2 protein chains.
Amino acid sequence: MAKSIKKEDSSIEQLILDTKDLEILQLLQKNARITVKEISDQMHLSTTPIHERIKRMEASGVIKQYATLLDHTKVKKGLMVICYVSLKEHNKKAGVKFIETIHSLHEVIECYNISGEFDFMLKVVAEDMNAYYDFHVNKLSQIENMGHVQSVFVIGIIKQTHQLVFPVSEK
Amino acid sequence: MAKSIKKEDSSIEQLILDTKDLEILQLLQKNARITVKEISDQMHLSTTPIHERIKRMEASGVIKQYATLLDHTKVKKGLMVICYVSLKEHNKKAGVKFIETIHSLHEVIECYNISGEFDFMLKVVAEDMNAYYDFHVNKLSQIENMGHVQSVFVIGIIKQTHQLVFPVSEK
DNA sequence: AAAAGAGCAGAATATTATTCTAGTATTGTA
DNA sequence: TACAATACTAGAATAATATTCTGCTCTTTT
(Lines give C-alpha, C1' and ligand atoms only; values in the text may rest on other atoms or scores of the structure.)
Protein backbone atom coordinates (compact mmCIF):
# COMPACT_ATOMS: atom_id res chain seq x y z
CA MET A 1 0.00 0.00 0.00
CA ALA A 2 1.47 3.32 -1.05
CA LYS A 3 2.08 5.86 1.64
CA SER A 4 1.00 9.41 1.13
CA ILE A 5 3.72 11.84 0.13
CA LYS A 6 3.93 13.70 3.37
CA LYS A 7 6.49 14.83 5.88
CA GLU A 8 7.26 11.48 7.45
CA ASP A 9 8.82 10.31 4.20
CA SER A 10 11.50 12.87 4.88
CA SER A 11 14.39 10.68 3.83
CA ILE A 12 12.97 10.13 0.38
CA GLU A 13 10.55 12.82 -0.61
CA GLN A 14 11.20 16.51 -0.77
CA LEU A 15 10.32 17.94 2.59
CA ILE A 16 7.76 20.69 2.44
CA LEU A 17 8.64 23.40 4.92
CA ASP A 18 5.86 25.39 6.52
CA THR A 19 6.04 28.72 8.31
CA LYS A 20 6.91 27.11 11.61
CA ASP A 21 9.80 25.17 10.09
CA LEU A 22 11.18 28.34 8.57
CA GLU A 23 10.80 30.15 11.88
CA ILE A 24 12.80 27.41 13.58
CA LEU A 25 15.45 27.63 10.87
CA GLN A 26 15.78 31.38 11.38
CA LEU A 27 16.60 30.80 15.04
CA LEU A 28 18.91 27.86 14.39
CA GLN A 29 20.86 29.71 11.72
CA LYS A 30 21.61 32.47 14.22
CA ASN A 31 22.58 30.07 16.99
CA ALA A 32 23.11 26.38 16.46
CA ARG A 33 23.24 25.85 20.22
CA ILE A 34 19.89 27.36 21.04
CA THR A 35 17.90 24.94 23.17
CA VAL A 36 14.67 23.34 22.10
CA LYS A 37 13.08 24.94 25.12
CA GLU A 38 14.14 28.43 24.09
CA ILE A 39 12.68 27.91 20.62
CA SER A 40 9.46 26.51 22.02
CA ASP A 41 9.11 29.46 24.39
CA GLN A 42 9.61 31.98 21.62
CA MET A 43 7.18 30.20 19.32
CA HIS A 44 4.60 29.45 22.01
CA LEU A 45 4.68 25.73 21.41
CA SER A 46 5.76 22.79 23.54
CA THR A 47 9.14 21.19 23.08
CA THR A 48 7.77 18.10 21.32
CA PRO A 49 6.81 19.66 17.97
CA ILE A 50 10.02 21.72 17.89
CA HIS A 51 12.12 18.65 18.53
CA GLU A 52 10.26 16.62 15.92
CA ARG A 53 10.56 19.32 13.29
CA ILE A 54 14.27 19.77 13.87
CA LYS A 55 14.92 16.02 13.62
CA ARG A 56 12.87 15.92 10.45
CA MET A 57 14.85 18.74 8.89
CA GLU A 58 18.10 17.10 9.89
CA ALA A 59 17.07 13.78 8.35
CA SER A 60 15.87 15.37 5.13
CA GLY A 61 19.09 17.30 4.68
CA VAL A 62 17.56 20.75 4.90
CA ILE A 63 19.88 21.27 7.85
CA LYS A 64 23.28 20.53 6.37
CA GLN A 65 25.57 21.19 9.29
CA TYR A 66 25.89 22.71 12.72
CA ALA A 67 29.09 24.64 12.28
CA THR A 68 31.29 26.72 14.51
CA LEU A 69 32.54 29.86 12.82
CA LEU A 70 35.83 31.36 13.95
CA ASP A 71 37.23 34.85 13.87
CA HIS A 72 39.78 34.55 11.08
CA THR A 73 41.99 37.30 12.41
CA LYS A 74 42.27 35.54 15.78
CA VAL A 75 43.36 32.20 14.36
CA LYS A 76 45.97 33.56 11.97
CA LYS A 77 43.86 33.35 8.84
CA GLY A 78 43.36 37.05 8.39
CA LEU A 79 44.14 37.30 4.68
CA MET A 80 41.43 36.47 2.17
CA VAL A 81 42.04 36.28 -1.56
CA ILE A 82 39.71 35.58 -4.43
CA CYS A 83 41.45 33.56 -7.10
CA TYR A 84 40.33 33.15 -10.67
CA VAL A 85 41.61 30.14 -12.49
CA SER A 86 41.34 28.88 -16.02
CA LEU A 87 42.54 25.49 -17.19
CA LYS A 88 44.52 24.84 -20.37
CA GLU A 89 42.46 21.81 -21.32
CA HIS A 90 38.84 21.20 -20.53
CA ASN A 91 38.47 17.47 -20.87
CA LYS A 92 36.82 15.42 -18.16
CA LYS A 93 40.03 13.89 -16.86
CA ALA A 94 41.76 17.24 -16.45
CA GLY A 95 38.75 18.65 -14.63
CA VAL A 96 38.52 15.75 -12.19
CA LYS A 97 42.21 15.97 -11.41
CA PHE A 98 41.91 19.69 -10.74
CA ILE A 99 38.95 19.20 -8.42
CA GLU A 100 40.76 16.51 -6.46
CA THR A 101 43.71 18.82 -5.92
CA ILE A 102 41.50 21.70 -4.82
CA HIS A 103 39.92 19.47 -2.19
CA SER A 104 43.34 18.67 -0.79
CA LEU A 105 44.35 22.31 -0.37
CA HIS A 106 43.19 23.51 3.04
CA GLU A 107 43.81 27.14 2.09
CA VAL A 108 40.95 26.89 -0.42
CA ILE A 109 37.72 27.10 1.53
CA GLU A 110 35.43 27.64 -1.45
CA CYS A 111 35.62 26.79 -5.13
CA TYR A 112 32.97 27.43 -7.73
CA ASN A 113 32.62 26.60 -11.39
CA ILE A 114 31.65 29.92 -12.91
CA SER A 115 30.47 31.59 -16.07
CA GLY A 116 32.73 34.08 -17.86
CA GLU A 117 36.29 34.07 -19.05
CA PHE A 118 37.64 32.04 -16.13
CA ASP A 119 36.67 28.48 -15.24
CA PHE A 120 36.79 28.59 -11.45
CA MET A 121 36.63 31.04 -8.63
CA LEU A 122 38.45 30.18 -5.39
CA LYS A 123 38.22 31.76 -1.98
CA VAL A 124 41.56 31.35 -0.29
CA VAL A 125 42.54 32.15 3.29
CA ALA A 126 46.06 32.47 4.61
CA GLU A 127 47.91 33.91 7.57
CA ASP A 128 49.53 36.75 5.68
CA MET A 129 50.96 37.74 2.31
CA ASN A 130 54.00 35.53 2.71
CA ALA A 131 51.83 32.51 3.33
CA TYR A 132 49.68 33.40 0.36
CA TYR A 133 52.72 33.81 -1.84
CA ASP A 134 53.85 30.34 -0.83
CA PHE A 135 50.41 28.94 -1.61
CA HIS A 136 50.30 30.67 -4.99
CA VAL A 137 53.74 29.77 -6.18
CA ASN A 138 54.22 26.33 -4.65
CA LYS A 139 50.73 24.90 -4.64
CA LEU A 140 48.26 26.60 -6.94
CA SER A 141 50.60 27.29 -9.83
CA GLN A 142 52.05 23.79 -9.60
CA ILE A 143 48.75 22.16 -10.49
CA GLU A 144 49.08 20.47 -13.85
CA ASN A 145 46.98 21.86 -16.66
CA MET A 146 46.80 25.22 -14.88
CA GLY A 147 46.15 28.09 -17.27
CA HIS A 148 45.77 31.66 -16.10
CA VAL A 149 45.48 32.68 -12.46
CA GLN A 150 44.29 36.07 -11.28
CA SER A 151 44.26 37.16 -7.64
CA VAL A 152 41.86 39.70 -6.21
CA PHE A 153 42.61 40.72 -2.64
CA VAL A 154 39.95 41.32 -0.06
CA ILE A 155 40.64 44.68 1.52
CA GLY A 156 37.67 44.73 3.88
CA ILE A 157 34.72 42.63 4.90
CA ILE A 158 31.51 44.61 4.57
CA LYS A 159 29.03 41.83 5.21
CA GLN A 160 29.41 38.16 5.91
CA THR A 161 26.53 35.96 6.94
CA HIS A 162 25.02 32.55 6.40
CA GLN A 163 21.57 33.60 7.44
CA LEU A 164 19.13 32.89 4.65
CA VAL A 165 16.04 35.03 5.01
CA PHE A 166 12.73 33.65 3.88
CA PRO A 167 9.84 35.82 2.70
CA VAL A 168 7.17 36.00 5.37
CA SER A 169 4.26 34.32 3.66
CA GLU A 170 2.02 34.26 6.71
CA LYS A 171 -0.96 32.04 6.54
CA MET B 1 48.63 44.94 41.40
CA ALA B 2 49.02 44.12 37.75
CA LYS B 3 47.86 40.73 36.60
CA SER B 4 50.01 38.73 34.29
CA ILE B 5 49.06 38.74 30.65
CA LYS B 6 47.83 35.22 30.48
CA LYS B 7 44.83 33.26 29.39
CA GLU B 8 42.44 34.40 32.13
CA ASP B 9 42.51 37.91 30.75
CA SER B 10 40.77 36.53 27.70
CA SER B 11 38.35 39.41 27.34
CA ILE B 12 41.12 41.94 27.01
CA GLU B 13 44.32 40.38 25.85
CA GLN B 14 44.88 38.40 22.71
CA LEU B 15 44.21 34.78 23.56
CA ILE B 16 47.11 32.51 22.81
CA LEU B 17 45.83 29.23 21.45
CA ASP B 18 47.76 26.09 22.10
CA THR B 19 47.59 22.74 20.35
CA LYS B 20 44.71 21.56 22.51
CA ASP B 21 42.67 24.65 21.78
CA LEU B 22 43.19 24.17 18.07
CA GLU B 23 42.23 20.52 18.37
CA ILE B 24 38.99 21.50 20.09
CA LEU B 25 38.33 24.06 17.38
CA GLN B 26 38.78 21.44 14.68
CA LEU B 27 36.06 19.34 16.25
CA LEU B 28 33.74 22.26 16.93
CA GLN B 29 34.05 23.58 13.40
CA LYS B 30 32.87 20.24 12.06
CA ASN B 31 29.99 19.97 14.51
CA ALA B 32 28.86 22.79 16.73
CA ARG B 33 26.64 20.42 18.67
CA ILE B 34 29.32 17.97 19.66
CA THR B 35 29.19 17.38 23.41
CA VAL B 36 31.98 18.28 25.77
CA LYS B 37 32.09 14.64 26.73
CA GLU B 38 32.68 13.51 23.15
CA ILE B 39 35.53 15.98 22.80
CA SER B 40 37.07 14.95 26.10
CA ASP B 41 36.89 11.29 25.13
CA GLN B 42 38.58 11.90 21.78
CA MET B 43 41.28 14.01 23.37
CA HIS B 44 41.78 11.80 26.40
CA LEU B 45 41.06 14.59 28.86
CA SER B 46 38.33 15.15 31.40
CA THR B 47 35.37 17.39 30.63
CA THR B 48 36.49 20.24 32.87
CA PRO B 49 39.44 21.54 30.84
CA ILE B 50 37.49 21.14 27.60
CA HIS B 51 34.62 23.12 29.00
CA GLU B 52 36.89 25.85 30.33
CA ARG B 53 38.79 26.16 27.09
CA ILE B 54 35.62 26.46 25.07
CA LYS B 55 34.21 29.14 27.35
CA ARG B 56 37.49 30.98 27.14
CA MET B 57 37.48 30.91 23.35
CA GLU B 58 33.88 32.07 23.29
CA ALA B 59 34.62 34.98 25.61
CA SER B 60 37.71 36.02 23.67
CA GLY B 61 35.85 36.03 20.38
CA VAL B 62 37.90 33.29 18.74
CA ILE B 63 34.62 31.44 18.42
CA LYS B 64 32.45 33.91 16.55
CA GLN B 65 29.23 31.96 16.13
CA TYR B 66 27.60 28.59 16.35
CA ALA B 67 25.73 28.57 13.05
CA THR B 68 23.36 26.20 11.36
CA LEU B 69 24.06 25.81 7.66
CA LEU B 70 21.22 24.93 5.33
CA ASP B 71 21.06 23.16 1.99
CA HIS B 72 20.40 26.08 -0.33
CA THR B 73 18.64 23.99 -2.93
CA LYS B 74 16.19 22.70 -0.31
CA VAL B 75 15.16 26.10 0.94
CA LYS B 76 14.66 27.70 -2.45
CA LYS B 77 17.96 29.57 -2.57
CA GLY B 78 19.57 27.44 -5.24
CA LEU B 79 20.98 30.21 -7.43
CA MET B 80 24.25 31.84 -6.49
CA VAL B 81 25.68 34.84 -8.28
CA ILE B 82 28.88 36.76 -7.79
CA CYS B 83 28.34 40.46 -8.40
CA TYR B 84 31.02 43.01 -9.06
CA VAL B 85 30.13 46.58 -8.32
CA SER B 86 31.87 49.87 -8.80
CA LEU B 87 30.59 53.16 -7.45
CA LYS B 88 30.51 56.42 -9.39
CA GLU B 89 31.86 58.47 -6.52
CA HIS B 90 34.19 57.32 -3.82
CA ASN B 91 33.67 59.82 -1.04
CA LYS B 92 33.02 58.67 2.50
CA LYS B 93 29.32 59.55 2.48
CA ALA B 94 28.61 57.59 -0.69
CA GLY B 95 30.44 54.56 0.65
CA VAL B 96 28.60 54.55 3.94
CA LYS B 97 25.26 54.83 2.19
CA PHE B 98 26.14 51.91 -0.08
CA ILE B 99 27.19 49.73 2.86
CA GLU B 100 23.97 50.48 4.71
CA THR B 101 21.94 49.44 1.72
CA ILE B 102 23.92 46.23 1.25
CA HIS B 103 23.21 45.28 4.86
CA SER B 104 19.50 45.67 4.24
CA LEU B 105 19.44 43.36 1.23
CA HIS B 106 18.90 39.80 2.45
CA GLU B 107 19.87 38.38 -0.94
CA VAL B 108 23.43 39.61 -0.35
CA ILE B 109 25.09 37.19 2.06
CA GLU B 110 28.64 38.41 1.55
CA CYS B 111 30.19 41.68 0.48
CA TYR B 112 33.87 42.48 0.27
CA ASN B 113 35.85 45.57 -0.53
CA ILE B 114 38.34 44.35 -3.11
CA SER B 115 41.40 45.30 -5.09
CA GLY B 116 41.17 45.64 -8.86
CA GLU B 117 38.93 47.48 -11.25
CA PHE B 118 35.75 46.98 -9.19
CA ASP B 119 35.13 48.31 -5.71
CA PHE B 120 33.06 45.49 -4.22
CA MET B 121 32.36 41.84 -4.68
CA LEU B 122 28.96 40.52 -3.60
CA LYS B 123 27.78 36.96 -3.14
CA VAL B 124 24.08 36.87 -3.86
CA VAL B 125 21.63 34.02 -3.40
CA ALA B 126 18.16 33.81 -4.92
CA GLU B 127 15.50 31.23 -5.65
CA ASP B 128 15.95 31.27 -9.41
CA MET B 129 16.85 33.48 -12.35
CA ASN B 130 13.58 35.37 -12.15
CA ALA B 131 14.20 36.24 -8.53
CA TYR B 132 17.74 37.29 -9.35
CA TYR B 133 16.54 39.44 -12.22
CA ASP B 134 14.17 41.19 -9.83
CA PHE B 135 16.99 41.72 -7.35
CA HIS B 136 19.33 43.08 -9.99
CA VAL B 137 16.91 45.43 -11.68
CA ASN B 138 14.81 46.60 -8.75
CA LYS B 139 17.23 46.55 -5.87
CA LEU B 140 20.90 46.51 -6.82
CA SER B 141 20.69 48.82 -9.81
CA GLN B 142 18.49 51.25 -7.90
CA ILE B 143 21.18 52.03 -5.36
CA GLU B 144 22.22 55.64 -5.79
CA ASN B 145 25.78 56.24 -6.90
CA MET B 146 25.87 52.80 -8.49
CA GLY B 147 28.43 52.58 -11.28
CA HIS B 148 29.09 49.37 -13.18
CA VAL B 149 27.68 45.99 -12.20
CA GLN B 150 28.91 42.69 -13.54
CA SER B 151 27.32 39.34 -12.75
CA VAL B 152 29.18 36.05 -12.72
CA PHE B 153 26.97 33.01 -12.31
CA VAL B 154 27.92 30.03 -10.22
CA ILE B 155 27.45 26.95 -12.35
CA GLY B 156 28.59 24.40 -9.81
CA ILE B 157 29.90 24.18 -6.29
CA ILE B 158 33.20 22.31 -6.19
CA LYS B 159 34.11 22.94 -2.58
CA GLN B 160 32.44 24.82 0.23
CA THR B 161 33.63 24.68 3.80
CA HIS B 162 34.23 26.81 6.85
CA GLN B 163 36.77 24.48 8.33
CA LEU B 164 40.01 26.30 8.92
CA VAL B 165 42.89 23.87 9.12
CA PHE B 166 45.82 24.69 11.37
CA PRO B 167 49.35 23.44 10.82
CA VAL B 168 50.18 20.64 13.24
CA SER B 169 52.93 22.08 15.40
CA GLU B 170 52.98 19.29 17.96
CA LYS B 171 54.88 19.59 21.21
C1' DA C 1 -20.24 9.56 10.49
C1' DA C 2 -16.21 6.77 11.10
C1' DA C 3 -11.37 6.10 10.66
C1' DA C 4 -6.76 7.40 9.92
C1' DG C 5 -3.07 10.61 10.09
C1' DA C 6 -0.72 14.62 11.77
C1' DG C 7 0.35 17.79 15.27
C1' DC C 8 0.44 18.87 19.87
C1' DA C 9 0.82 19.12 25.34
C1' DG C 10 2.59 17.33 29.38
C1' DA C 11 5.13 14.05 31.98
C1' DA C 12 8.97 10.73 32.62
C1' DT C 13 13.60 9.38 31.71
C1' DA C 14 18.29 9.70 29.93
C1' DT C 15 22.10 12.85 28.80
C1' DT C 16 24.58 16.63 29.13
C1' DA C 17 26.27 21.12 30.80
C1' DT C 18 27.95 23.43 34.57
C1' DT C 19 29.82 24.06 39.02
C1' DC C 20 32.60 22.69 42.89
C1' DT C 21 36.45 20.56 45.43
C1' DA C 22 40.81 19.34 45.66
C1' DG C 23 45.06 17.12 43.85
C1' DT C 24 49.17 17.68 40.57
C1' DA C 25 52.44 19.80 37.48
C1' DT C 26 54.96 23.80 36.09
C1' DT C 27 57.20 28.12 36.35
C1' DG C 28 59.56 31.80 38.34
C1' DT C 29 62.16 33.51 42.30
C1' DA C 30 65.00 33.94 46.37
C1' DT D 1 67.53 23.79 46.08
C1' DA D 2 63.32 25.11 48.20
C1' DC D 3 59.31 27.86 48.10
C1' DA D 4 55.27 30.13 46.34
C1' DA D 5 52.22 31.29 42.76
C1' DT D 6 49.85 29.83 38.78
C1' DA D 7 47.69 26.90 35.64
C1' DC D 8 45.88 22.54 34.64
C1' DT D 9 43.50 18.55 35.68
C1' DA D 10 40.25 14.65 37.51
C1' DG D 11 36.20 13.36 39.57
C1' DA D 12 31.93 14.14 41.83
C1' DA D 13 27.62 16.78 42.56
C1' DT D 14 24.01 19.57 40.77
C1' DA D 15 21.26 21.96 37.29
C1' DA D 16 19.56 22.03 32.85
C1' DT D 17 18.40 19.95 28.65
C1' DA D 18 17.37 16.40 25.17
C1' DT D 19 14.70 12.64 24.16
C1' DT D 20 11.01 9.46 24.61
C1' DC D 21 6.35 8.16 25.71
C1' DT D 22 1.28 8.59 26.32
C1' DG D 23 -2.77 10.30 25.06
C1' DC D 24 -5.67 14.19 23.34
C1' DT D 25 -7.45 17.11 19.43
C1' DC D 26 -8.08 18.59 14.89
C1' DT D 27 -8.33 17.73 10.04
C1' DT D 28 -8.97 15.02 6.07
C1' DT D 29 -10.58 11.17 3.60
C1' DT D 30 -13.81 7.73 2.45
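In this text the structure is predicted, and so the values were computed from the model without any measurement. So that the names make sense, note that chain A is the first sequence line, chain B the second, and so on, each numbered from 1.
- Looking at A:T48, its side chain has no donor and acceptor atom pair within 3.5 Å of the base of C:dG7.
- Judged purely by atom type and a 3.5 angstrom limit, B:K123 has no side-chain atom pairing as donor or acceptor with the backbone of B:V108.
- What separates NE2 of B:H51 from C1' of D:dT14 is a distance of 13 Å, to the nearest Å.
- Judged purely by distance below 3.5 Å, without hydrogens or angles, the side chains of B:E127 and B:Y132 never pair a donor atom with an acceptor atom.
- To the nearest 0.5 Å, atom CD1 of residue B:I24 and atom CD of residue B:Q42 are 11.5 Å apart.
- The main-chain N or O of B:C83 is never found under 3.5 Å from a side-chain atom of B:S151 such that the two would form a donor-acceptor pair.
- In this structure, the side chain of B:Q65 does not engage the main chain of A:L70 through any donor-acceptor pair within 3.5 Å.
- Separating the NZ atom of A:K55 from the P atom of C:dG7 is a distance of 17 Å, rounded to the nearest angstrom.
- Straight-line distance from the CG atom of B:L45 to the C1' atom of D:dG11: 14 Å, rounded to whole Å.
- Atom-to-atom, CE of A:M57 to P of C:dG7 comes out at 12 Å; the value is rounded to the nearest Å.
- As a whole-Å value, the separation of B:I50 CD1 from D:dG11 P is 14 Å.
- For B:D119 (side chain) and B:L87 (main-chain N/O), a donor-acceptor pair under 3.5 Å exists by modelled atom type.
- Between the CZ atom of B:R56 and the C1' atom of D:dA7 there is a distance of 9 Å, given to the nearest Å.
- The C1' atoms of five pairs define one axis at each end of the helix from C:dA1-D:dT30 to C:dA30-D:dT1, and these two axes lie 30° apart (to 10°).
- B:R53 places its CZ atom 18 Å from the C1' atom of C:dA17, with the value rounded to the nearest Å.
- A heavy-atom distance below 4.0 Å to DNA chain D is reached by these residues of residues 26-41 of chain A, ordered by number: A:T35, A:V36, A:K37.
- Using a 4.5 Å cut-off on side-chain heavy atoms (C-beta onward), B:H136 and B:Q142 make no contact.
- A:R33 contributes a side-chain N or O that, together with a main-chain N or O of B:A32, makes up a donor-acceptor pair within less than 3.5 Å.
- Whole-Å rounding puts the B:I54 CD1 to C:dT18 C1' distance at 12 Å.
- If you take CE on B:M43 and CG on B:L27, they are separated by 7.5 Å, rounding to the nearest 0.5 Å.
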